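Take a look at the structure set out below.
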There are 2 protein chains.
Amino acid sequence: MHTSGHSQAPLPSQAPPASKTESILAAAKEAFLAGGFGAVSMDTIAREAGVSKATVYAHFAGKEELFGAVIGRECERRFTGLSIGELDPGDVRASLTMLARRFLELVLSPDALALHRIILAEVTRFPVLGEVFWRAGPERNLSQIETFLQSAAAAGTLALPDTRLAAEQFVGLVRGETQLRHLLRLEGATAMPGIDEIVAAAVDTFIHAFGVRALGRR
Amino acid sequence: MHTSGHSQAPLPSQAPPASKTESILAAAKEAFLAGGFGAVSMDTIAREAGVSKATVYAHFAGKEELFGAVIGRECERRFTGLSIGELDPGDVRASLTMLARRFLELVLSPDALALHRIILAEVTRFPVLGEVFWRAGPERNLSQIETFLQSAAAAGTLALPDTRLAAEQFVGLVRGETQLRHLLRLEGATAMPGIDEIVAAAVDTFIHAFGVRALGRR
DNA sequence: GTCTATAATTGGATAGAC
DNA sequence: GTCTATCCAATTATAGAC
């Protein structure tokens, strides 16, 4: 049942020769995101990572530190590589549609839903998680949307008295109760209204409210 | 330290002579809403309720049943006694303001935030909670809003192609990221923008998007 | 660093007296 | 129905060999 007894043969049979730390973090991520903090044991994590429990404690001081490392990592990994340079302030509808679609696809992804659930669940015990998540996700998203709205306002294609407020309203308009239905795992939540329809309707409403005359009609 | 040794003297010293069942449910509610399912022990609940652990098990089959009873009870207790008969389809702004204000005050209340957190946390382990919560809260709220929107559309004060969709957009518009900031317990979340400002802005945007000509300007 | 084996504590649930 | 005292399983964390 053992792989070697004479030397540390680095034979990469099939599993990637990732470091033990990476194996532990990967196993912990999957377990925590699936079951939360309390429902997961260090034994499970060690077994899934293919190491002994003592090894886990050699890399992380305890369960709480491991949990914090996993969550902080996931928060950072979420909103990376998302640039908005390709947006055209002249084509408001296309730009808003892209922003809305990207937002909705992100928050409805299984990993994001699981992360959302677990952070809300543990923010009382680990208050720092709230700040970490907010800064890594919603705050960055709002900033990007507001940046576009400012350029559109400057270009005269949108009439916005308060771009920060408008960005929040846009996010809320797109989200509606869709994210909540998915967070609650309601049956048929994935089939109810398609992402395309929700996005199109939200963009339409936003443009009706803030678009200049020429854009108000589609 | 004991109250009696010779007979069950029913002296109501100070604590209300509520039934043991009520004491247990009250203690369990406070503990579960504060710490979630995993972080609370039956010992704690029994101690806070002022009874022995065996008594808890005499009233509830186990921890999971007690948890389900507490959560189901809270879900039902939330949206009771809320009628919308006093809304005037002719005064759209006043009616929407009242609906929005009621919604926001409800979802930002400490109990509602705690309930929201714990249900999302445990919906994976107890899938029925998602359905129970949705039906008791968001679904009823959407229905009430849609009912008003239909009357307003019939009165010709709002131009709505899809009242159900419009109701969802209205809820999202009011919520924005405010509820999330409170769920994450971000410092200063309570002071950021006041409820009145958020409500007024959301109603304004909604009327700009869907109001008939005479109502479009404020 | 990594493993096996184990210590030490906690927590869900129950037995039996009253 | 209620209590005290206890059982038993699971869990976090560590000791000691290699």
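Remember, it's a predicted structure, so these values are computed and weren't measured experimentally. Letters A, B, ... mirror the listed sequences (proteins, then strands); counts begin at 1. These numbers come from the heavy atoms of this one structure, side chains and all, not from hydrogens, waters or symmetry mates.
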Out of D:dT12, D:dC3, C:dC3, which has the shortest distance to the side chain of A:Val51? C:dC3
Proximal nucleotide (of C:dG11, D:dT2, D:dT12) relative to the B:Lys20 side chain: D:dT2
Of the residues in residues 53-61 of chain B, which ones touch DNA chain C at a heavy-atom distance under 4.0 Å? B:Lys53, B:Ala54, B:Tyr57
Value for CZ (A:Arg117) from CG (B:Leu120), rounded to nearest 0.5 Å, stands at 7.0 Å
Do the side chain of A:Lys63 and the main chain of A:Val40 share a donor and acceptor less than 3.5 angstrom apart? yes
Can you tell me how far P of C:dA5 sits from CE of A:Met42, to the nearest Å? 20 Å
Separation of C:dG11 P from B:Arg47 CZ (nearest whole Å): 10 Å
Atom-pair distance (NZ on B:Lys63; P on C:dT14), nearest Å: 15 Å
Please pick, from D:dT12, C:dG11, C:dC3, the nucleotide with the shortest atom-to-atom distance to any side-chain atom of B:Ser41. C:dG11
Heavy atoms, side chains only, cut-off 4.5 Å: are A:Thr178 and A:Val107 in contact? no
Pairing residues for B:Asp111 by the salt bridge (Lys or Arg N to Asp or Glu O under 4.0 Å) criterion, not counting sequence neighbours: B:Lys29, B:Arg77
May I ask you to decide if the ring planes of B:Phe32 and B:Phe37 are parallel, tilted or perpendicular, using 30° and 60° as cut-offs? parallel
From the set C:dT2, C:dG12, D:dT12, return the single nucleotide nearest to any side-chain atom of A:Ser52. C:dT2
Atom-to-atom span, CD of A:Glu65 to P of D:dA13 - whole angstrom: 11 Å
Quickly work out the B:Asp43 CG to D:dC3 C1' distance and round it to whole Å. 14 Å
In this structure, CG of A:Leu33 is separated from CD1 of A:Ile118 (nearest 0.5 Å) by 6.0 Å
